[in-house]
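One structure is given here, and the rest of the page talks about it.
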Amino acid sequence: MTLLRDVGAMAARLSGLALVICLAAVGLAEAGQPQPWQLGTQAPSTVVAEDVMVFHDFLLWLIFAIAIFVLALMVYACIRFRASRNPNPTRTTHNTVIEILWTAVPVLILVAIAVPSFRVLYYAEKTENPDMTIKITANQWYWTYEYTDEDLVFDSYMLEEEDIDPATQTYLLDVDNPLVVPTGKKIQLLVTSNDVMHSFFLPSAVVQTYAIAGRVNEGWMSLTREGMIYGQCNQVCGINHSAMPIAVQAMAAEAYETWLEDAKVRFAAAPAPIRIAAGTSYE
């Protein structure tokens, strides 16, 4: 019994340590991007991400409880049924109650996991009735964002290392023109590609939608906090695969409307690329 109390005390200490680590990990992830020596996931930035993180934490504690319970049973069995205490081992081969329990309990655990899992999966795929729609086109190697409701289109390229401001920007993550969205709005994402397969991946938003030429895949997000969040194309798409970061700037509704008015003027004034048809002669 003393040993079991020690095991219980150790489990309590480990639980406290796990909680501290989880809180520290969330603190590290507040910047919306990966951090050095980060533990755990990035802090959620969308409503779907919040639900996924709650489900993740539920699974973490469930697995931890199962592991401690199994460890305690193993320690108890090693002590209670050791050879020195049982010189004549029992010949019992079956126990109906135990066999029912070790069949029924895992089934109940799986049901307890399945119910919230299906709820989160269904909610993550519920893309109807969006407040706005953005078409995202992947290219080798940059992104094109089209605000279909606002007649606004612009490209987003990774900033070169010499153009990075170390005080406010991160090389390989920041871009010249981030995707700007309002907080609290349901944003439909239509993702496609102009060439090879890419992937629109935002870890803190729990968004990953593949970009495939000739096909439009659908997703959605609703940002819950202002600030920058980052992602990258995580589908190997060519020699400059690492040069396709995704930067999303979430703004309050009023600030977003101001940005939108300015963006329509700024990007409309940008010179269009010169395209020469094949076989054209200028003689």
Side chain [X], main chain [Y], donor-acceptor under 3.5 Å:
X	Y	result
Arg225	Ala250	no
Asn240	Ala243	no
Asp195	Gln140	yes
Asn86	Arg80	yes

If you group Ile, Leu, Val, Met, Phe, Trp and Tyr by side-chain heavy-atom gaps below 4.5 Å, do [X] and [Y] land in one group?
X	Y	answer
Val181	Leu189	yes
Val47	Val207	no
Val153	Val265	no
Leu152	Tyr145	yes
Leu159	Val180	no

Give a yes or no on this: more than 12 heavy atoms of other residues, nucleotides or ligands lie within 6.0 Å of atom [atom1] of [X].
X	atom1	value
Ile239	CD1	no
Asp165	CG	yes
Phe58	CZ	yes

Within-4.5 Å side-chain heavy-atom neighbours: [X] and [Y]:
X	Y	answer
Ile229	Thr46	no
Tyr142	Met158	no
Phe267	Asn177	yes
Val70	Met74	yes
Asp174	Tyr230	yes
Leu179	Ile246	no

Nearest-0.5 Å distance, [atom1] of residue [X] to [atom2] of residue [Y]:
X	Y	atom1	atom2	answer
Asp163	Asp176	CG	CG	9.5 Å
His56	Thr41	NE2	OG1	5.5 Å
Asn95	Ile100	CG	CD1	9.0 Å
Ser84	Arg82	OG	CZ	4.0 Å
Ile136	Glu146	CD1	CD	11.0 Å
Ile68	Ile66	CD1	CD1	11.5 Å

key: Option passing side-chain hydrogen bond (donor to acceptor under 3.5 Å, both in side chains) with Glu218 (candidates Thr209, Thr127, Thr133)   =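 Answer to the side-chain hydrogen bond (donor to acceptor under 3.5 Å, both in side chains) test with Glu218 among Thr209, Thr127, Thr133: Thr127.
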request  = Kindly give the heavy-atom pair with the smallest separation between Gln208 and Phe201, and that separation in Å.
outcome  =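 In this case the closest contact between Gln208 and Phe201 is OE1-CD1, 3.3 Å.
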key: Derivation and outcome, side-chain contact (heavy atoms from CB on, under 4.5 Å), residues Asp262 and Thr258   = CA-CA 6 Å; Asp262 176 71; Thr258 302; 5.9 Å; no
request  = Among Glu128, Glu125, Lys186, find the residue that satisfies the side-chain contact (heavy atoms from CB on, under 4.5 Å) test when tested with Trp220.
outcome  = Lys186
message = Out of the candidates His198, Met197, Arg215, only one should pair with Tyr210 under the side-chain contact (heavy atoms from CB on, under 4.5 Å) rule; please name it.
response =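 The residue from His198, Met197, Arg215 that satisfies side-chain contact (heavy atoms from CB on, under 4.5 Å) with Tyr210 turns out to be Met197.
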Test side-chain contact (heavy atoms from CB on, under 4.5 Å) applied to Lys135 and Thr192, step by step = CA-CA 8 Å; Lys135 182 181 178 183; Thr192 188; 3.9 Å; yes
query = Would you say the side chains of Ser204 and Ser45 form a donor-acceptor pair under 3.5 Å?
reply = yes
query = Do Gln249 and Tyr256 pass the side-chain contact (heavy atoms from CB on, under 4.5 Å) test, and can you show the C-alpha distance, the side-chain angles, and the key distance before you say yes or no?
reply = CA-CA 10 Å; Gln249 184 173 4; Tyr256 171 75; over 6 Å; no
request  = If the plane angle is over 60° it's perpendicular, under 30° parallel, otherwise tilted; pick one for Tyr76 and Phe81.
outcome  = perpendicular
request  = Output, in order, the C-alpha distance, side-chain angles, deciding distance and verdict of side-chain contact (heavy atoms from CB on, under 4.5 Å) for Val54 and Glu50.
outcome  = CA-CA 6 Å; Val54 169; Glu50 290 175 353; 5.6 Å; no
